[in-house]
S.K.: 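To start, I am sharing the structure in question, which I have written as structure tokens.
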Amino acid sequence: MVKLAQRRKLADWLVKEKQMSQRKAARLAGISRRMLVYQSKKDPQQELQSQILTIVERHPYWGFWKVYHCLRNKQK
């Protein structure tokens, strides 16, 4: 079974490399044209916000700078 992400890559490749129309490429890949042009509206800051909330729940008396340095040290 081919995953949706792989089908989208195939359709993108057909459009860019083979100069095929989006409609035809989507049909050959087995996806709708909407899925071919779909852009996620997911907030890029969502992961950071959840990490901050997790730290604040564990350590409610920590201030901004302590939380900041904790997150910064985790990224290294």
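Just so it is clear, the model here is predicted, and its values are computed rather than measured. What you see below is based on every heavy atom in this structure, not just the backbone, and it leaves out hydrogens, waters and symmetry mates.
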S.K.: Let me confirm one number: the CD-CD distance from Gln46 to Gln51, rounded to the nearest 0.5 Å.
M.R.: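 Between Gln46 CD and Gln51 CD, I get 11.0 Å after rounding to 0.5 Å.
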S.K.: Table please: side-chain donor-acceptor pairs of residues 29-40 below 3.5 Å, with sequence neighbours left out.
M.R.:
unit_1	atom_1	unit_2	atom_2	d
Ser32	OG	Met35	N	3.3
Ser40	OG	Lys42	N	3.2

S.K.: Hydrophobic clusters join Ile, Leu, Val, Met, Phe, Trp and Tyr when side-chain heavy atoms are under 4.5 Å apart, directly or via other members; which others share one with Val2?
M.R.: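 Via sub-4.5 Å side-chain contacts, Val2 links to none.
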S.K.: Under the side-chain contact (heavy atoms from CB on, under 4.5 Å) test, which residues partner Ser50, sequence neighbours left out?
M.R.: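 Listed in chain order: nothing, the list is empty.
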S.K.: Gln45: which residues meet the side-chain contact (heavy atoms from CB on, under 4.5 Å) condition with it, sequence neighbours left out?
M.R.: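 Result, side-chain contact (heavy atoms from CB on, under 4.5 Å) vs Gln45: Asp43, Leu48, Gln49.
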S.K.: Considering only distance and modelled atom types, tabulate donor-acceptor pairs under 3.5 Å from the side chains of residues 14-26, sequence neighbours left out.
M.R.:
unit_1	atom_1	unit_2	atom_2	d
Gln19	NE2	Lys16	O	3.4
Ser21	OG	Lys24	N	3.2

S.K.: Using the rule given for side chain to side chain contact (heavy atoms under 4.5 Å, CB included), can you reason through Trp62 versus Ile55, listing the C-alpha separation, both sets of side-chain angles and the distance that settles it, and then say yes or no?
M.R.: CA-CA 9 Å; Trp62 280 11; Ile55 293 171; 3.9 Å; yes
S.K.: Distance check, rounded to the nearest 0.5 Å: Gln6 atom CD versus Met1 atom CE?
M.R.: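 Interatomic distance, Gln6 CD to Met1 CE, rounded to 0.5 Å: 11.0 Å.
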S.K.: Taking transitive links into account, so neighbours of neighbours count too, which hydrophobic residues share a cluster with Phe64 at under 4.5 Å side-chain distance?
M.R.: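 Besides Phe64, the hydrophobic cluster comprises Trp65, Tyr68, listed by chain and residue number.
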